[in-house]
Structures are given as C-alpha cells and as structure tokens.
Amino acid sequence: MKSFKADYVFPVYADPIKNGIVTVDDNGKILSVSEYPNPEYQHHPIEQLSGIITPGFVNTHCHVELSHLKDKIKAGGGLVEFVKDILAIRNADQDKVAAAAEAADQQMYDNGIVAVGDISNVDATIPIKAKSKLYYHTFVEILGFLPESAEEVFNKALKLAEEFKPQSVSVTAHAPYTVSKELFKLIKHHSDAGNNLLSIHNQECEDENKFYRYKLGGFIDLYKHLGINIDYFRPQARNSLQSIIPLLTNREKILMVHNTCTNLKDIYFIKRFDRKINWCFCPNANLYIEKRLPKIELFINQGLNITLGTDSLASNSKLCILSEMVTIQNKFPSISLEMLVQWGTKNGAEFLGIDGDKGTIEVGKTPGLNLITGLDGLKLTAEAKVKKLI
Ligand SMILES: [Zn+2]
C-alpha cells in the first residue's frame, strides 16, 4: 500500500482536488482518493509531491511499426509528400523495425501512457504488444482505392487481424482518399455484424477536401505517382468527411483522426447522422507534416468525445501525450488543463472500451498514476514534465 499527496489530484470523473491524496494497493489499484488529510490512511507513509497527479494517459492514435522512420522524413512538406515518402521507405530491415518499435513501447511507458490505439499494416508489432506493459488495441488498416481490389485487400486485412488475436484487434479504413466505396461497404458490413472498433485518418489536409469536392489538387498527382487509375471517381461536391459518413456503420464507435481541415459545417453535418463519431487530435504531427493545427475551438462545448494521439515517430519527435497537451495549450490558451487531461485519459479509455479499469482515478480501478510538474498555477509551461508514479 502507498499514498501520494500532491498540490492537486485530477480524478477526472470528478472535479480536481486541491491538496489531494491518492492511496493505492501493491498492484496499483486505487483504494481511496480524497482531500488531505485522509483519516482512514493517516498511519501509512505518504509520499509528498509538488505538481498534479493524473490517471495514466491513453494514446488513441499511434503507428508503433513506423518508429524506425524517426527523423527520416523532412518536416513541413505537406501530406502528399509525406505519404509518398512513407510508402517509399517504410520497408526496412526487420530487426531494425522491431528494435525501434520496442524502444517506442518503452518510451510511451516512461511518458505515463498506459493504453494505445495502434494502427498496423503488417505483423511486426505482434510480439512487442504481446509482452508490453501497455494495453494495446490494434487497428489493422486497409487501403485500396481501386474498386476491383476491394475484396482482395479486405480479406488480406481479416487474415492479418487473425494473427493479432488474442490481442484486442479490429479492421479499419485508412482514409477517405485511399478507400473505395466498395471497400467502405465491406468494412461497414463487417462492422455492422460484430465488435469492430474503427479509426480513420480524416481531413488531414485541404487537398483531401479539394479532391472530394472537385477532383482537383495534390492527390491527383499522388494517384499518378502510385499508378492508380482514378477515372471512375466522380467529384462529390462536398467535403470528404460528409461524403463517407453514409458509408460508415452506426453500430460501432468510430475515431476520426487529425481533423485538421474539418469545419463547422462538417461538424453540424455529422451531428445530423446517427454515427458514433469520436475525434482525435495529434497536434504535434499536424505541425510536423502540414505546419498547421485543427480548429480545435470549434469542437468544444458541442457534446463531442475528444481524445488525443501522438501519431508515429515518422511525424513526431516523441510519443508523449503531455507534449500534445502543451502544444494545444500554447495555441489555445482558453482550453483548461482539466479539459486537456480529460481528453488524454478518460475520453480515450471510453473510446477504447477500457474505462472499467483505466482513464479515471476511481476506487477499484488500476489506471496508473502520473505526476505532472512544470506548471504555472494550472497552466502547462514549456518545461512541463510527466513522471510515471505507478
Ligand atoms: Zn496516423
């Protein structure tokens, strides 16, 4: 048994507690969370800390298998160039891929992350996830913009997902610009029938909307580069997100990732559909690839579930949820730390369906505990740091 006292404890399911104290058992299970002093545990040793205690972080968007691409792709080149580069250099020596992935898993652990929603295109991370201290849900990602290839790529993904079992796994669409209507329909049918959590890269750049609206922009060049004939594709006269929503299941939760070029019209459009949409922001990756951030203020106070992700080390200098929070707070000072912590813990746990045990400091749960220091009152500073307590 162990107790931690800090300037603040953020239980997240309830208001922050000034001079809070958390007591855990030897397995990290929460025994109590209250104001200091807690008479029930006053005779046990207490570790006095300055800073705030939060639950362990949940990273809802990562690609652990791309960790070997750190510093390999030039920053600021835009998404189309990024995708071309990734496809050109993603295949590397298997030992290198495995070593970098293992180091990434350790880095997330050290940065107080307890659970990850991870995109996989290959089987490279299966052994790492099997022995990791983190919880993983793997999204086996499907790409195929040619309607005639839909069945083949879908079946290949189902086979890869089988290899990940008994780990938590589902199959998902990569992005509106890499998945044909036919392929979306196969994924929908599969998701309608059973448990199949979805995670889709959404509106990461303006060219994605331009392609769907007018069949113009940088993606035309990408398909040419990849040798994909898109003669069949008709401009949809609306943004990519609005175009694909009818092709998605209403039985399963869906995470829209990035949302860099999502506007208020898109958000209102979504609200009219009975789809279980969640929103994930990965601000550091957006700055790395597109040098811009989503219009995050538009998503606030709309009753939407917002989560945070790191994306991969191909487009980020580290895998650290606190660092994503610092970036958001810098750009959007009106967003409170309390809200950011909720995005990076409880909301992610709810999306992944692990909120029975993770995401909040609540008696009976084993959420992990982080200490955040480097604050100015309740604002994060550039010196903010996270230390894993348990
Ligand atoms: Zn991604």
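Small disclaimer: the values here were computed from a predicted structure and weren't measured. Atoms within a ligand are numbered from 1 in the order they appear, just like the ligands themselves.
Annotation: salt bridge (Lys or Arg N to Asp or Glu O under 4.0 Å) contacts involving residues 312-341, sequence neighbours excluded, are absent. Residue pairs meeting the side chain to side chain donor-acceptor pair (under 3.5 Å) criterion with at least one member in residues 88-98, sequence neighbours excluded, are Glu65-Arg90.
Taking 4.5 Å as the limit, every side-chain heavy atom of Phe211 sits out of range of all side-chain heavy atoms of Ser240.
Evaluation of the ring pair (Phe, Tyr, Trp, His ring centres under 6.0 Å) rule for Phe273 yields Phe269 as partners, not counting sequence neighbours.
Screening Thr262, Ile296, Thr307, Ile254 for a side-chain contact (heavy atoms from CB on, under 4.5 Å) with Trp279, the sole residue that qualifies is Thr262.
Residue Lys388 places its NZ atom among more than 12 non-hydrogen atoms of other residues, nucleotides or ligands, all under 6.0 Å distant.
Protein N/O/S atoms closer than 2.8 Å to the Zn ion (ligand 1): His61 NE2, His63 NE2, His201 NE2, Asp311 OD1.
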